[in-house]
Amino acid sequence: MRRGVSARFAVFIFVSILGSGCRGNVEQSLKGTGGDTVLHFASVAEESACADPSCLPGAWRGQFTNGTKVKTGTISAPSGEFAQDDRCARDAIPFGAGRGVASDPFLICSAPQFEQISQAPSAFYRIVTDLDFGGRAPARIARFTGHLFGGGHRLSHVRWSSVPVDGSDTLGGLFDLQAGQVRDLVLENFALVGPAPLRPVRVALFAIRNRGILRNLSGTDGNRIELGRIAETRAPASEKPGEPDFLPHEHLRIGGLVAENSGLLEDIDWSVRVSVAAPAGAVGGLVGVNRGKIHEVAIRSWARAPEAEALGGIAGENRASMSDVRVALMAFADGTGIRRSTPSHFVGGQDVGALAGVNSARIADADIWASVVGNGNVGGAAGVNTGRFAELVRVRFHGMSSGGERTGGIVGLNMAGARVEAAFADVTVEALQGAVGAIAGENASGELLQSEARGMVSVKQDSPRGRSSAGGIVGRNSTLGGASFSRGGQVVGCVAAVRVYAIGDLGGVVGHHCADCRISDSHASSLPEGGPGLHCYVGARAVGGVAGYSEGEIRGAYARTTLSDIARTASRCSSFGRVIGEGDASRVKDSASRAPASRFR
């Protein structure tokens with residue numbers, strides 16, 4: 001292969017064209033994209049090597065060979081009979097042109113042609129123009145195993161206006177992907193509106209299930225799911241009178257894009273509004289339940305499901321890998337027409353997080369701008385992070401967490417060997433009662449490592465289950481107990497510069513610290529205005545620069561403050577101290593009232 005030839009010279013490539021496909025003899029000029037470099041390719045790769053129909057004429061970018069060497073290059077689209085987009089006949093049925101193979105995909109240039117995909121679900125397809133469905137919902141393409149390449153075109157105005165009350169266990173969704181790939185599409189004004197279903201169902205706007213690949217999809221602000229209360233219907237005559245025609249609501253899985261994912265979602269830019277008034281299981285702005293891989297996703301979402309078991313901005317339940325994700329600001333036009341931004345917003349029931357309601361897998365490299373509200377376990381990233389494989393790594397949260405029994409800036413409840421590492425929270429955390437912390441509400445036999453928090457946490461009442469607690473890093477550091485989790489929560493290498501307003505136990509790092517738990521190499525830093533920022537509501541019990549109440553090990557932990565500073569803001573507490581307010585002081589080792597500067601900015 002010749003390299004480095006000046007772009008001033010014409011370089012010719014012989015491309016094999018057969019019929020209207022890729023074989024024959026055509027002479028074509030090839031220009032390089034790297035400065036003056038021009039690549040000279042001897043031949044086009046065989047049809048079997050053409051993995052992407054976009055390498056064909058019309059958008060010719062693909063693989064070319066010189067002997068056994070494969071190189072990627074770009075060729076201008078041929079003219080005349082080889083311009084494939086011009087071959088598509090809008091009035092033709094089933095398709096506008098093509099043979100449905102990789103080298104000559106079926107071309108789609110009308111909505112009726114799109115609906116014919118279900119007749120050959122394993123073929124290759126290419127959309128060559130925007131498709132408007134006029135407010136109706138085409139029949140779902142079941143068991144799709146083919147390849148659909150959208151070319152960046154729009155699918156718009158798809159609407160499901162009623163919900164089946166019997167006989168069906170799915171609702172919405174253009175596809176049920178068993179394998180294959182769908183890519184390069186824009187979804188606009190997809191809507192699913194009606195009463196909630198009676199039977200356990202999967203609900204989604206684009207795919208009921210994904211076991212293949214969804215890549216480079218984007219959605220506009222007009223996409224929405226609105227499910228009201230369950231409609232009243234009579235039980236079928238064959239059933240015993242009074243028996244409901246539905247199974248428990250935890251089977252209901254709702255995803256803004258996909259209900260259940262066990263394949264790959266990659267390079268997704270998604271915007272959606274989700275409102276579910278009825279009880280539900282897992283509700284996600286992108287996916288109801290994720291068992292596959294989610295990579296390079298940005299989402300802007302408003303989601304409200306106050307009776308959901310798990311609500312997540314990306315996934316209601318995440319059971320597999322998620323990386324390079326972003327929960328972004330939503331843009332809107334105010335009354336004057338000026339475009340403004342607001343954080344993504346999530347209001348849920350039991351377990352609520354901007355990434356996942358419940359996470360049991362690895363989530364890495366996430367940026368979040370959101371407000372999160374719930375009743376149970378509420379976290380900026382995850383409501384619950386549970387299990388030895390659960391990790392929240394390099395997660396950065398900017399916003400507000402509010403409401404639950406356990407409320408944290410990153411996670412509400414971190415438990416059972418789960419880990420939070422290198423996280424950052426610039427956050428306001430508020431709850432009426434329970435355990436609150438700028439990183440975690442409660443850390444029950446979990447690990448909080450090398451994380452940093454700024455902002456404010458507040459809890460105003462004692463919980464019916466016991467004293468409330470608040471900390472700059474974690475409200476309650478506890479243990480699950482038993483043979484599997486004899487070790488309590490670990491807080492290692494964390495830094496907090498957080499105002500803490502609380503009743504019960506409050507500390508610069510940890511509010512309540514159990515006997516089997518450990519704090520090491522962590523400190524509470526001074527606030528910009530000076531002082532520890534520890535403020536007691538009437539009835540508060542114990543205040544400490546590091547931990548409010550502590551029976552566990554504290555080693556190498558510091559509070560950048562003095563006893564007089566603590567006394568000034570915590571005078572209404574029953575006891576206070578510069579390291580711990582109350583508890584077993586004999587387990588405090590190598591700790592003092594000064595600290596190094598923050599190491600984790």
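Reckoned from all heavy atoms, side chains included, excluding hydrogens, waters and symmetry mates. Treat the numbers as computed from the prediction; the structure is a model and nothing was measured.
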If we only count heavy atoms from C-beta on, is the Asp176 to Phe144 side-chain gap below 4.5 Å?
no
Spacing of Ile254 atom CD1 and Leu192 atom CG [to the nearest 0.5 Å]:
9.0 Å
For the pair Arg140 (side chain) and Gly173 (backbone), establish whether a donor and an acceptor sit closer than 3.5 Å, ignoring hydrogens and angles.
yes
Please step through salt bridge (charged side-chain N to carboxylate O under 4.0 Å, His left out) for the pair Arg300 and Asp269, ending with a clear verdict.
CA-CA 8 Å; Arg300 296 166 302 283; Asp269 186 358; 2.7 Å; yes
Classify the ring geometry of Phe190 against Trp160: parallel below 30°, tilted from 30° to 60°, perpendicular beyond 60°.
tilted
Passes side chain to side chain contact (heavy atoms under 4.5 Å, CB included), Val272 versus Arg224? Steps please.
CA-CA 5 Å; Val272 69; Arg224 60 195 175 99; 5.5 Å; no
Residues Val420, Ser451; criterion side chain to side chain contact (heavy atoms under 4.5 Å, CB included); working and verdict:
CA-CA 8 Å; Val420 176; Ser451 297; 4.1 Å; yes
Taking the side chain as every heavy atom from C-beta outward, state whether Ile108 and Ile117 have any pair of such atoms under 4.5 Å apart.
yes
Any donor-acceptor N or O pair under 3.5 Å, side chains Arg90, Thr129:
no
In Å and rounded to the nearest 0.5 Å, what is the CD to CG distance from Glu296 to Asp324?
5.5 Å
Among Asn385, Thr386, Asn414, side-chain hydrogen bond (donor to acceptor under 3.5 Å, both in side chains) partner for Asn359
Asn385
Look at Arg87 together with Asp104 and state whether they make a salt bridge at an N to O cut-off of under 4.0 Å.
yes
Take Thr220 and Ser271, measure what side chain to side chain contact (heavy atoms under 4.5 Å, CB included) needs, and give me the verdict at the end.
CA-CA 5 Å; Thr220 68; Ser271 180; 5.9 Å; no
With heavy-atom distances below 4.5 Å as the criterion, would you say the side chains of Val395 and Phe424 are in contact?
no
CA sep, side-chain torsions, deciding dist, call: Glu115, Arg136, salt bridge (charged side-chain N to carboxylate O under 4.0 Å, His left out)
CA-CA 12 Å; Glu115 296 181 50; Arg136 61 189 181 84; 2.7 Å; yes
Minimal non-hydrogen separation, Ile127 against His153, with atom names:
O-CD2, 3.2 Å
Do Phe114 and Tyr125 have their ring centres less than 6.0 Å from each other?
no
Check whether any side-chain heavy atom of Val384 lies under 4.5 Å from a side-chain heavy atom of Val411, and answer yes or no.
no
Give the intermediate values and the outcome of side chain to side chain contact (heavy atoms under 4.5 Å, CB included) for residues Thr170 and Val203.
CA-CA 6 Å; Thr170 59; Val203 178; over 6 Å; no
For Ala328 and Ser344 the tightest heavy-atom approach is O-OG, 2.7 Å
Rounded to the nearest 0.5 Å, what separation is found between the CZ atom of Phe206 and the CG atom of Leu177?
7.0 Å
Looking at CG of Leu148 and CG of Leu174, how far apart are the two atoms once the value is rounded to the nearest 0.5 Å?
10.0 Å
Any heavy-atom pair between the side chains of Val325 and Ile314 that's under 4.5 Å?
yes
Let me confirm one number: the CG-CG distance from Leu217 to Leu155, rounded to the nearest 0.5 Å.
9.5 Å
Compare every heavy atom of Ala278 with every heavy atom of Gly228, then report the nearest pair and how far apart it is.
O-CB, 3.7 Å
N-O pairing of Arg215 and Asp267 below 4.0 Å
no
Contact check, side chains of Trp270 and Leu187, non-hydrogen atoms, under 4.5 Å
yes
Is the centre of the His157 ring less than 6.0 Å from the centre of the Phe133 ring?
no
Please name the pair of heavy atoms, one in Ala259 and one in Val287, separated by the smallest distance, quoted to 0.1 Å.
O-CG1, 4.1 Å
Rounded to the nearest 0.5 Å, how far apart are CZ of Phe175 and OG of Ser118?
10.0 Å
Kindly determine whether Asp367 and Arg326 satisfy salt bridge (charged side-chain N to carboxylate O under 4.0 Å, His left out), including the steps that lead there.
CA-CA 5 Å; Asp367 289 285; Arg326 188 168 185 260; 5.7 Å; no
Shortest non-hydrogen contact from Ala204 toward Leu257
CB-O, 3.7 Å
Neighbour count >12 (heavy atoms, 6.0 Å) for atom CZ, Arg143
no
Given side chains that start at C-beta, do those of Asn189 and Val158 come closer than 4.5 Å, heavy atoms only?
no
Please determine whether a side-chain nitrogen of the Lys or Arg among Glu260 and Arg209 lies less than 4.0 Å from a carboxylate oxygen of the Asp or Glu.
no
Take Ser323 and Arg362, measure what side-chain hydrogen bond (donor to acceptor under 3.5 Å, both in side chains) needs, and give me the verdict at the end.
CA-CA 8 Å; Ser323 61; Arg362 178 181 172 87; over 6 Å; no
Can you check whether Arg154's main-chain N or O pairs, donor with acceptor, with Asp130's side chain at less than 3.5 Å?
yes
Shortest non-hydrogen contact from Ala89 toward Gln113
O-NE2, 2.8 Å
Within a strict 4.5 Å, meaning less than it, do heavy atoms of the Val393 and Asp365 side chains meet?
no
